[in-house]
Amino acid sequence: MTQKHGFEVAMTCEGCSGAVTRILNKLGDVTFDIDLANKMVWIESERDVEFLTETLKKCGKEVKYIGTK
Amino acid sequence: LCSVSLGVEGMTCGSCVQSIEQRIGLLPGVIHIKVSLELKNATVLFDQSHQSPESLSEAIEDMGFESSLSA
Ligand SMILES: [Cu+2]
Ligand SMILES: [Cu+2]
């Protein structure tokens, strides 16, 4: 079963959420939700948290792992 | 040294500009970078032994923005 991982990403605008969207789409095998207002990204994936954190960091914003839901 | 202008799509504000300038500016061989929100481009001064227009464009794509070699 895949878990839903929550990450706090310091997104400030549509540009940031758009960048995160494109980065995650490139992975191809994740489903995700972006909540820009709360600076949260929810990812459903088999990949580990460390990999997902590094991937999110590519957008240049601070990333903090919150936990699973 | 070499200078190139790359197209950048997807930025919406000054903070987008800043994050690109910061991250790309730290890459080896990048001497200077100026990103313009209005012109949707990035002008980069770089050392050809470390970077190429292609590698720089790829680095911008990697950050989640769309980049093209013709600005
Ligand atoms: Cu932003
Ligand atoms: Cu922005």
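Both backbone and side-chain heavy atoms feed into the values below; hydrogens, waters and symmetry mates do not. Sequence lines set the chain letters: A, B, ... in the order given, protein chains first and strands last, and positions in each chain run from 1.
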Less than 4.5 Å to any heavy atom of chain A: does that hold for the side chain of B:Glu61, its backbone, both, or neither?
both
Is A:Ser17 reaching over with its side chain to a backbone N or O of A:Glu14, donor-acceptor style, under 3.5 angstrom?
yes
Between B:Gln22, B:Glu66, B:Met11, which residue shows the highest count of heavy-atom pairs closer than 4.5 Å to chain A?
B:Glu66
Side chains of B:Val35 and B:Asn41: does their closest heavy-atom pair fall under 4.5 Å?
no
Quick one: are A:Arg47 and A:Asp29 in side-chain contact, heavy atoms under 4.5 Å?
yes
For A:Met11, is there any backbone N or O sitting under 3.5 Å from a side-chain donor or acceptor partner on A:Lys39?
yes
With a 4.5 angstrom heavy-atom cut-off, which part of B:Glu21 approaches chain A: side chain, backbone, both or neither?
neither
